[in-house]
Amino acid sequence: MAKEFVKEITSMDEDFAQWYTDVVTKADLIDYSSVRGCMIIRPYGYALWENIKTELDNRIKATGHENVYMPLFIPESLLQKEKDHIEGFAPEVAWVTHGGSEELTEKLVVRPTSEVLFCDHYKNIIHSYRDLPKLYNQWANVVRWEKTTRPFLRTLEFLWQEGHTAHATDEDAHEETTRMLNVYTDLCENVLAIPVVKGQKTEKEKFAGAKFTYTIESLMHDGKALQSGTSHHLGSGFAQAFGIQYTDQAGTLQYVHQTSWGLTTRIIGALIMVHGDDRGLVIPPKAAPTQVMIVPIAQHKEGVLDFAFDLKEKLSKVARVNIDASDKKPGWKFNEYEMKGVPVRLEVGPKDIENNQVVLARRDTGDKVIVALDELEAKLIELLNDIQINLYNKALKLREEKTSVAATMDEFKENLVGNPGFIKSMWCGERECEDKIKEETGATSRCIPFEQEKVSDTCVCCGKEAKQLVYWAKAY
RNA sequence: CGGGAUGUAGCUCAGCUUGGUAGAGCACUAGCAUGGGGUGCUAGGGGUCGCAGGUUCAAUUCCUGUCAUCUCGACCA
C-alpha cells in the first residue's frame with residue numbers, strides 16, 4: 001500500500017526547531033497571538049493541559065494539599081523582602097505603573113511566581129505548631145518577561161501550579177521537597193510516558209532564594225534536555241525575611257521551614273519533543289484528549305454512520321472516544337488525527353459491518369489489526385495500555401542511547417557533537433569549572449543525580465579530585 | 001539584549017531588481033461524481049501588500065523608523 005503523508009510538517013532531522021513549530025501549530029495546539037511571546041492555547045491544546053492538570057491535581061490532593069488562589073499583583077516592597085529572590089527575578093518582571101490614568105504610588109509587579117504572596121499570608125495565619133504544616137497549592141498564570149520565546153517552552157505568560165508549604169522542621173520540609181518531586185516523576189513517567197532523571201540542581205542553577213532545588217530532567221528527541229519540574233527546599237530564609245514564626249510545644253518561637261514546587265505548560269513541549277515523529281504529535285493514551293478516533297469508511301452507505309455512532313457510545317464507557325463524521329475523505333482524516341497524535345484510530349466500513357469486525361490502527365507503530373466486535377472493548381483497553389508502555393520504553397531507550405560518559409573535556413566535546421544528549425561526567429564541585437564547561441561547550445549542569453555512580457576519579461574540567469557525578473547537556 | 005532571515009488572501013508563497021492600482025496553489029462556499037491513506041471536475045467569495053512616516057504626479061515595489069515572527073547566541077521554567 002502506498003503511503004503518502006502530510007508534507008506540511010518539516011522532518012525532524014532536517015530542522016528540529018521548524019518541526020516543533022509545525023507540530024504545535026498544525027496539530028491545532030496553539031495559535032500565535034498579537035502579543036509578542038504570548039500564545040493562544042486552542043481547544044485541543046487546552047484539553048491536553050486539562051488532562052495533565054487533572055492527573056496532577058489529583059496527586060497533589062492525595063498528598064494532603066489544598067488549592068488556594070493568590071492575587072495576580074505583588075507590591076514592589078513585598079517582592080524586595082527576600083534579597084536573592086528579587087535579584088533572581090527582577091530582570092524579568094512586568095510592572096504595573098498606572099491604574100487608569102493615575103500613576104500608582106507603589107508599583108505592582110505581575111507575579112513571576114508567588115513565594116512572597118504566600119509568605120505574606122503565612123505570617124498572618126501561622127502562629128502555633130498546631131497550624132503546621134500548611135500545604136497549599138495554586139493553579140495560576142504567571143508572567144516572566146523573557147527575551148526569546150517559543151510556544152510552550154518559553155512564553156511571557158504561562159500556566160502552572162505552584163505549591164507553597166510551611167513546616168515545623170527542616171526535615172519535614174526536606175521530606176516534602178522529595179515527596180513532590182516524586183509526584184512529578186510519577187506524572188511524567190506514568191501519565192506522560194516521559195522518563196526523567198531525578199537529582200539536585202547545582203548552586204549556580206538552583207532557584208533564587210532556595211536552600212536547594214530538586215529537579216526532574218528529561219531528554220528531547222534532538223538531544224537537548226528540558227527541566228520538567230522542580231521542587232525547592234526554601235529553608236527558613238523566606239520565613240526570616242517575612243517573619244513567619246510559630247510557637248513550638250516548648251513555648252519557644254521558631255521560624256517555619258518552607259518548600260515550593262512547580263510544573264508548567266512547558267511539560268507539553270516536553271511531551272511533543274519526546275514522543276513526536278515526522279507525522280506530527282504522538283500523545284500517550286493517558287494524556288490524550290481523544291484516545292480513539294472513529295473514522296467511518298464509505299459513510300454515505302446506509303447503516304455505516306449509525307453503526308459508527310453506536311460504537312462510539314459503546315466504547316465511551318472504556319475510553320475517550322470521538323468520531324469524525326464530516327464529509328472529508330477517509331485519507332484526509334487518517335492524516336489529520338495522526339498529526340494530532342490520537343493514539344488509536346478505529347476504521348469501520350461496510351465490509352467490517354458485514355463481518356462483525358473493525359480495524360484498529362495504532363499511532364505509535366502504525367500497525368493495523370482487525371478485531372472482532374465481541375472482543376473489541378477488551379482489545380482496545382489492552383491496546384491503549386500497550387501504547388502507553390511502548391511510548392515510555394521507546395523514550396527510555398532513546399534517552400539511554402543519547403546518554404554518554406565523558407572523563408575528559410575532549411571526550412565531552414566529542415560526545416556533544418557526535419551524540420548530543422546527556423553527558424555523565426564527574427565534577428569537583430567548583431563553580432569555576434561549571435562556568436568553564438558552559439562557556440566552552442554550551443552545555444550546562446542539569447542535575448546531580450540521586451543515583452550516583454563513579455565514572456572516573458577526577459573532575460572532567462580541572463582534573464582535580466571529583467566530588468560527584470553530574471548530568472550535563474545543552475538545554476531548552 | 002546582540003547577529004541572521006522573514007512579514008503580500010485563512011495557510012504556503014510569487015510579484016518588488018527597472019514604481020503605474022494584486023497573482024498562484026491549498027483552504028473556504030455551492031454542485032456533481034468519488035470514498036479502506038490528504039479524490040476529481042465545474043462555478044463562486046475573499047487582500048487598506050505588518051504598521052507609521054518620507055521621496056514621487058503615482059509606492060506592495062525606493063528610503064527611514066517601528067512592531068511582530070522564525071533562528072543562532074547571552075538570560076531563564
Side-chain angles (χ1 to χ4, degrees), chain A residues 1-10 15-22 24-26 28 31-39 88-93 112-113 142-162 184 201 204-208 213 215-218 225-232 260-270 279-280 295-301 304 326-339 345-353 357-359 361 366 368 370 435 438-439 442 444 446 474-476:
Chain A
M1 185 197 312
K3 295 206 167 192
E4 280 185 29
F5 302 115
V6 187
K7 298 201 178 79
E8 291 173 25
I9 299 177
T10 308
D15 185 344
F16 193 79
Q18 189 58 49
W19 170 85
Y20 179 82
T21 308
D22 286 348
V24 293
T25 53
K26 302 282 162 54
D28 292 343
D31 195 10
Y32 287 99
S33 74
S34 48
V35 183
R36 179 191 80 85
C38 294
M39 62 180 178
F89 281 101
E92 55 178 29
V93 293
T113 179
V142 288
V143 170
R144 297 181 190 178
W145 216 260
E146 301 287 352
K147 301 287 166 36
T148 50
T149 58
R150 301 192 69 193
F152 293 117
L153 299 174
R154 182 163 296 108
T155 45
L156 292 200
E157 179 187 3
F158 58 91
L159 305 183
W160 75 344
Q161 61 66 221
E162 47 179 326
Y184 289 153
K201 284 288 186 190
K204 174 185 156 113
E205 300 282 336
K206 77 173 188 187
F207 179 75
T213 290
T215 177
I216 49 174
E217 298 285 328
S218 52
L226 187 81
Q227 180 175 318
S228 301
T230 48
S231 185
H232 315 291
S260 70
W261 26 274
L263 184 134
T264 82
T265 35
R266 178 183 237 198
I267 200 72
I268 294 175
R279 291 196 234 159
V295 178
I297 308 295
Q299 64 184 40
H300 65 293
K301 294 207 173 134
V304 173
S326 70
D327 59 4
K328 296 246 182 6
K329 288 274 295 178
W332 186 93
K333 294 177 186 174
F334 293 171
N335 282 302
E336 178 70 8
Y337 300 111
E338 277 170 12
M339 197 151 73
R345 178 179 69 243
L346 189 157
E347 302 172 19
V348 58
K351 274 185 269 174
D352 302 308
I353 296 172
Q357 65 182 40
V358 298
V359 175
K368 276 188 180 189
I370 293 170
D435 286 340
K438 183 173 184 186
E439 197 181 313
T444 52
R446 301 320 306 159
K474 288 194 177 175
Y476 277 99

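Any value given below was found using the heavy atoms of this structure, including those in side chains, with hydrogens, waters and symmetry copies removed. Each chain gets a letter, A, B and so on, in the order the sequences are listed, and its residues count up from 1.
- Separating the P atom of B:A9 from that of B:A5 is a span of 22 Å, rounded to the nearest Å.
- Applying the side-chain hydrogen bond (donor to acceptor under 3.5 Å, both in side chains) test to A:Asp31 and every residue at least two apart in sequence or in another chain returns nothing.
- A:Ile297 is linked by a side chain to side chain contact (heavy atoms under 4.5 Å, CB included) to A:Val295, A:Pro330, A:Phe334, A:Glu347, counting only residues two or more places apart in sequence or in another chain.
- B:U61 and B:G7 have their P atoms separated by 12 Å, given to the nearest Å.
- A distance of about 13 Å separates the C1' atoms of B:G15 and B:G19, rounded to the whole Å.
- At a threshold of 4.0 angstrom between heavy atoms, the contacts of A:Val359 include nucleobase atoms, whether or not backbone atoms are also involved.
- Distance, A:Lys438 NZ to B:G73 C1': 10 Å, rounded to whole Å.
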Atom pairs under 3.5 Å: protein N/O with N/O of nucleotides 32-35 of chain B:
from	atom 1	to	atom 2	distance (Å)
B:G35	O4'	A:Lys329	NZ	3.3
B:G35	O2'	A:Ala298	N	3.2
B:G35	N7	A:His300	ND1	3.3
B:G35	O6	A:His300	ND1	3.3

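- Applying the 4.0 Å criterion to OP1 and OP2 of B:G37, one finds that A:Arg279 has every side-chain N and O outside that range.
- Using a 4.0 Å heavy-atom distance criterion, A:Glu92 is classed as a sugar-phosphate-only contact.
- Considering only side-chain N and O atoms, A:Tyr32 lies under 4.0 angstrom from the phosphate OP1 or OP2 of B:C70.
- The side chain of A:Thr21 contributes an N or O atom lying less than 4.0 Å from OP1 or OP2 of B:U71.
- With sequence neighbours left out, the ring pair (Phe, Tyr, Trp, His ring centres under 6.0 Å) criterion links A:Phe89 to A:His85, A:Phe207.
- Among the heavy atoms of the strands lying under 4.0 Å from A:Gly37 are primed sugar atoms or P, OP1, OP2 only; no base atom is included.
- For B:G3 and B:G46, the C1' atoms lie 39 Å apart once the distance is rounded to whole Å.
- Annotation: side-chain hydrogen bond (donor to acceptor under 3.5 Å, both in side chains) contacts of A:Thr155 (sequence neighbours excluded): none.
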Report, one line per pair, each donor and acceptor closer than 3.5 Å where one atom sits in a side chain of residues 142-150 of chain A; sequence neighbours left out.
from	atom 1	to	atom 2	distance (Å)
A:Arg144	NE	A:Pro112	O	2.7
A:Arg144	NH2	A:Pro112	O	2.8
A:Arg150	NH2	A:Ala17	O	3.4

